[in-house]
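For reference, the structure is listed below as C-alpha cells.
Letters A, B, ... mirror the listed sequences (proteins, then strands); counts begin at 1.
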There are 2 protein chains.
Amino acid sequence: MVTLEDVAKQAGVSLATASRVLNGSTRQVGATLRARVERAADELGYRANIAAQTLARGAGNVIGIVVHDLTDPYFAALADGAMRTAAGEGLLVMVGTTHRDPEQEIAYVATLRAQRVRAVLLAGSRLADERVTARLAAELAAYQAGGGRVACVGQDLLGVDTVAPANHDGAAALARSLAELGHTRFAVLAGPPHLMTAADRCAGFVSAVRDLGLPAPHVINGPFDRDGGYSAAGETGDATCVFAVNDVMAVGALAAYRERGVRVPDDVSVAGFDDIVTLRDQVPSLTTVRLPLKDMGARALELALRAADTRVVEHVAGEVVLRESVRALR
Amino acid sequence: MVTLEDVAKQAGVSLATASRVLNGSTRQVGATLRARVERAADELGYRANIAAQTLARGAGNVIGIVVHDLTDPYFAALADGAMRTAAGEGLLVMVGTTHRDPEQEIAYVATLRAQRVRAVLLAGSRLADERVTARLAAELAAYQAGGGRVACVGQDLLGVDTVAPANHDGAAALARSLAELGHTRFAVLAGPPHLMTAADRCAGFVSAVRDLGLPAPHVINGPFDRDGGYSAAGETGDATCVFAVNDVMAVGALAAYRERGVRVPDDVSVAGFDDIVTLRDQVPSLTTVRLPLKDMGARALELALRAADTRVVEHVAGEVVLRESVRALR
DNA sequence: GGCACACTGGAAATCGCTTTCCCAGGAGGT
DNA sequence: ACCTCCTGGGAAAGCGATTTCCAGTGTGCC
C-alpha cells in the first residue's frame, strides 16, 4: 500500500506538506508544491490510511448503528433514515444486528467504543430486564465519558438523547378510533411481554379500551414477528377486532385468518402498528398507526451528532390510518 | 480515555506485557502478572483503541458491504446473510448504501479502501455503462493490490469472486413454466434497460418465449421498484401473463390491477422474481423465482474471506415457485 | 533602510498499540 | 559441573498519519 511518505518522496516535499495538501488543514500550501503533491498522489493511487488518521486526529468519522434485525422493514427504514443523514455529513456507518439478544447489544456497543466511533445509535426496543438495561447503560456511560455521543430510538430508559415513538398513545388513539366504529370486543396480539415496545403498545390499547368502559381485551402473548402474529391469531376467540402490536404480526394474522376462511374485515377487523411501506399493498390494506420511521432514524442521528449540552427526549406522534382491514359495525 | 499505558503503569508491568495479556498474543504471560494486568484493566475500564490496533497490526477486523438500498428487502436479505457470517468470524460490518448511484458506489469503495477493511462485498446489479464499471474495477484492483479481498453478488463483470444468480436462466425457466400453463401472450415489466439484473431477467424470459415459438413479449421499461411496476402495469395491453423482473415490481403491478378492477389471476396472471420473504403473504400469493438470498450473501462473504488463490464464480440457480397469481389457461 | 509580521515549508514529536529483539534465569542433557 | 535451550519479561522500533514548533522569506509600514 502506498503511504503518504511515498507520495511526499515522489513529489520531493516533506511529509507535513503532503499531509496538508491531501488531507486537509488550516494551513495553505503554495500552488507549485500543491500541484506536485497532487500529481504524485494521483500517479501512485494514494489513499489515506484512515486508521492512522483516526489515531493521529484522535477522532474518526465513523458512526455505529445497532439494530435488532435488518430484514425487519421497521429497522431497515430506521437505519436508512440515519444512513442518509450520515452520508450527508460524510460519515461512515457500521451496522450491527443483535437479533434481539441484549448481550450482543452490549457487546456491540463495547466494540463500537473500542472503535472510537463518533456516535452510536441504538434502534430497537429495550427489554424489561432492568439488570441488562443497567449494564448497557453503564457501557454507554463509559463511552460517553470518553467523548462519545449516543442516541436511541425507543423507550427513554438509557439516559441518552432519545427519539421516543408514541407507542402507548398511538395505540390508545387507535383503540378509540376502532371503538368509534362500533367495536367492543377486542383482542390484542401482544408480542412478548418483556419487550417494551410491544408492552407499551399493548398497555396503551388496553387502557384506552378500559377508559371507554368497554370489556378488557383478550391479550395474547407470543413472538414479535410474522409467525407470532400467525399463531396468536388462532386464539382471538369471539373478538370482532384484533390489534397486532406491529404490522408484520398483523400480516401474519391476516394470513392465518385467510387460511381458516375467516374473512377480514367482514368476520374480524385487524389493525397493526408502524405503517411499514413494503406492506402497504397488502390485501386487505392494513389499518395501522403510522410512524415516520425514516425521519425518526435521521432525527436520532442528528441528536447524536449535535454538540452535547443537554439531554433531549423527542416524542414522535403516531397517526392512525384507517384502511380496509377494519370495518364499522354500525 | 484510558490507554494501555495507563493499565500497564497501574499494574506495574511493561507495555508489552499488558498488550500480551489483554489483546492476545502467541506469547505466554505468567499467572501473577496476568492477573495483575487483568485487574488493572478492569478497574480502569480499559478498552483497546482499535484504530491503533489496526494501524499496528496492519489489518483490521472490519468488512464493508455496499448495497443499493437497505429498505429493499432483496438487499436487506443479502446483507443479513453476510452479516451473520461476519459476526461468526468476529468481524464488524460497515454498510454503505448507494441508492443506485454508481459514482457513490465507487466513492464508497474508495473509502473502504482507505479504511483498510479486510474485505468488500458488492451487492447489487452492475450497470450497462462500461466506463463506470471500468472505473469501479480499477478502484477494486487497487484495493486488491494492497491485499484487500473482494466479492460480489451479481453479474460477473468485475473480475472478482462472484456469486452469480441465474437471472437469465431463472427467468427462462419461469417462462417455460408459464407457457406450459397455456399462456402465449406475455408482457414483461422490464425495469431499466441499463440495469444488468433487470436486463438479464428480461432477456432470459424473452428468449425462452421465442424459443418456444411464441410471439415476442411486450417489453415495458421503467423503474426497478414498486412504483415502476405499478405504472408499467398500465401498459400491458392484451397480455394474459405479465412477468415483473422483481417481486417488488410485481406487487406494484398487482396494486395497479386491483385499482383498475383487473382480476389476478382471472383476467391476467402475474409473476415476479426473488421470492422476497416479506411479500409471501401477498394476496394473491406471488408466483416467482426463488433465490436463496441470505445464503448468497453469506456465501459471497465466505468467498471474500477465503485465502485468495484462484478466482471463483459461483452460479446460483433459481427455483420456479408457482402460486396463486398465475392460472392455467387450459 | 530597518523592524515586525504574516506565510510557507520542514523536522520531529505524537497518537496507542504490536512485535521484534535482547536479556536473565531455570530446566534438561551429557 | 558445564553448556544449551526454552521461557517470561522489558525496551524500543515501528505502523501512517497529524500537528506543533522552528526557520527562512517576502511584505507592509514607519
(request) Run the salt-bridge test on A:Arg306 and A:Glu302 with the 4.0 Å N-O cut-off and return the result as yes or no. (result)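 No, A:Arg306 and A:Glu302 are not salt-bridged.
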(request) May I ask you to say whether A:Arg100 pairs ionically with A:Asp225, meaning some side-chain N is under 4.0 Å from a carboxylate O? (result)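 No salt bridge links A:Arg100 with A:Asp225.
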(message) Please pick, from C:dG9, C:dC17, D:dA17, the nucleotide with the shortest atom-to-atom distance to any side-chain atom of A:Val29.
(response)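 Among C:dG9, C:dC17, D:dA17, the one nearest the side chain of A:Val29 is C:dG9.
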Send over the distance from [X] [atom1] to [N] [atom2], rounded to a whole Å.
{"X": "B:Asn49", "N": "C:dC17", "atom1": "CG", "atom2": "P", "value": "6 Å"}
{"X": "B:Arg47", "N": "C:dG16", "atom1": "CZ", "atom2": "C1'", "value": "16 Å"}
{"X": "B:Gln53", "N": "D:dA17", "atom1": "CD", "atom2": "P", "value": "19 Å"}
{"X": "A:Ile50", "N": "C:dG16", "atom1": "CD1", "atom2": "P", "value": "19 Å"}
{"X": "B:Arg27", "N": "C:dT19", "atom1": "CZ", "atom2": "P", "value": "12 Å"}
{"X": "A:Asn23", "N": "D:dG16", "atom1": "CG", "atom2": "C1'", "value": "10 Å"}
{"X": "B:Leu15", "N": "C:dG16", "atom1": "CG", "atom2": "P", "value": "11 Å"}
{"X": "B:Glu5", "N": "C:dC15", "atom1": "CD", "atom2": "C1'", "value": "11 Å"}

(request) Look at the side chain of B:Arg20 against the base of D:dG10 and say whether a donor-acceptor pair falls under 3.5 Å; ignore hydrogens and angles. (result)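 Such a pair is found, so the answer is yes.
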(message) Any donor-acceptor pair, under 3.5 Å, between the side chain of B:Arg34 and the base of D:dG8, if you only look at N and O atoms?
(response)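 It does not, because no donor-acceptor pair links the side chain of B:Arg34 to the base of D:dG8 below 3.5 Å.
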Does [X] make a side-chain N or O approach to OP1 or OP2 of [N] shorter than 4.0 Å?
{"X": "A:Gln28", "N": "C:dC7", "value": "no"}
{"X": "B:Ser14", "N": "D:dG10", "value": "yes"}
{"X": "B:Ser19", "N": "C:dC17", "value": "no"}

(message) Pair B:Val62, B:Gln115 - check side chain to side chain contact (heavy atoms under 4.5 Å, CB included), show working.
(response) CA-CA 9 Å; B:Val62 177; B:Gln115 284 275 353; over 6 Å; no
(message) Counting only heavy atoms from other residues, nucleotides and ligands, does the tally under 6.0 Å from CD of B:Glu5 exceed 12?
(response)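 No, the 6.0 Å shell around CD holds no more than 12 heavy atoms from other groups.
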(message) I'd like to know whether CD of B:Glu130 has more than 12 heavy-atom contacts from other residues, nucleotides or ligands below 6.0 angstrom.
(response)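 Result for CD/B:Glu130: open.
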(request) On DNA chain D, check which nucleotide each of B:Arg116 and B:Thr17 is closest to and give me the residue with the more 5' one. (result)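 Looking at DNA chain D, the more 5' nearest nucleotide goes with B:Thr17.
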(request) Let me know, please, whether B:Leu33 or A:Ala18 comes out on the 5' side of the other along DNA chain D by nearest nucleotide. (result)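 This one resolves to B:Leu33.
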Base, sugar-phosphate alone, or nothing: which one does [X] contact when heavy atoms must sit under 4.0 Å apart?
{"X": "B:Ala48", "value": "sugar-phosphate"}
{"X": "B:Ala16", "value": "base"}
{"X": "A:Gly30", "value": "sugar-phosphate"}

